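Just below is one structure, and these are the notes that go with it.
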Amino acid sequence: MKKVLTYGTFDLLHWGHIELLRRAKEMGDYLVVGLSTDAFNRIKHKEAYHSYQHRKLILEAIRYVDEVIPEENWDQKIDDVKNNQIDVFVMGDDWLGEFDFLKPYCEVVYLPRTDGISTTQIKDDLS
Ligand code: C2G
């Protein structure tokens, strides 16, 4: 079984996130999502609307997602890759190069971000 890993806050969930998750799952058979906890979002200076529990509930309802694990810090990725027997690490290319330190442990793929949608844009449009 080819296992894929990605990370994110996934709030407010939108079709750009879904497109990332769809393409990530296409790279293997089992997709693990490291979901940023509320505490880690504070470290990321990111304000999520939904709580971790609710974001986890939403992600677990997505057909492409097989497992959700907590992302609590910047330093857990190597252990997550090892402990979950990950074959492919996937992130949007806004992170291009940032996770190349994982290359000794798994394949590292940066996928093009989906243009035309962002949580910031949603919030601006609704305000
Ligand atoms: N994404 C995308 N297209 C968009 C918006 C987001 O492809 N229009 C991708 C991002 O590139 C990322 C994933 O969707 O791979 C999740 O996006 P965020 O929740 O914004 O992720 P981020 O807060 O950048 O967290 O340790 C890594 C961090 O936790 C990543």
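We number each residue from 1, following the sequence as shown. Both counts, for ligands and for their atoms, begin at 1 and track the order of listing. These numbers were taken from a predicted model, which means no experiment stands behind them.
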Exercise answer: donor-acceptor pairs, residues 42-49 side-chain atoms, under 3.5 Å, sequence neighbours excluded:
from, atom 1, to, atom 2, distance (Å)
K44, NZ, T9, OG1, 2.8
K44, NZ, S36, OG, 2.7

Identify each donor-acceptor pair in which a side-chain atom of residues 90-102 lies under 3.5 Å from a protein atom, sequence neighbours left out, and give them as a table.
from, atom 1, to, atom 2, distance (Å)
D93, OD1, R113, N, 3.2
D94, OD2, R113, NH1, 3.1
D100, OD1, Y110, OH, 2.7

Using residues 120-127 as the side-chain source, report each donor-acceptor pair under 3.5 Å to any protein atom, sequence neighbours left out, with the distance given to one decimal.
from, atom 1, to, atom 2, distance (Å)
Q121, NE2, G116, O, 3.4
S127, OG, K123, O, 3.4
S127, OG, D124, O, 2.8

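Under 4.0 Å is where a charged nitrogen must lie from a carboxylate oxygen, and between D66 and K25 at least one such pair does.
Just one residue in the list L59, L31, I62 forms a side chain to side chain contact (heavy atoms under 4.5 Å, CB included) with V68, and that residue is L59.
Under the 6.0 Å distance and 45° angle rule, K77 does not count as a cation-pi partner of F89.
Protein residues with a heavy atom under 4.0 Å from ligand 1 are Y7, G8, T9, F10, H14, G16, H17, L20, S36, K44, K46, E71, W74, K77, M91, G92, D94, W95, F99, R113, T114, I117.
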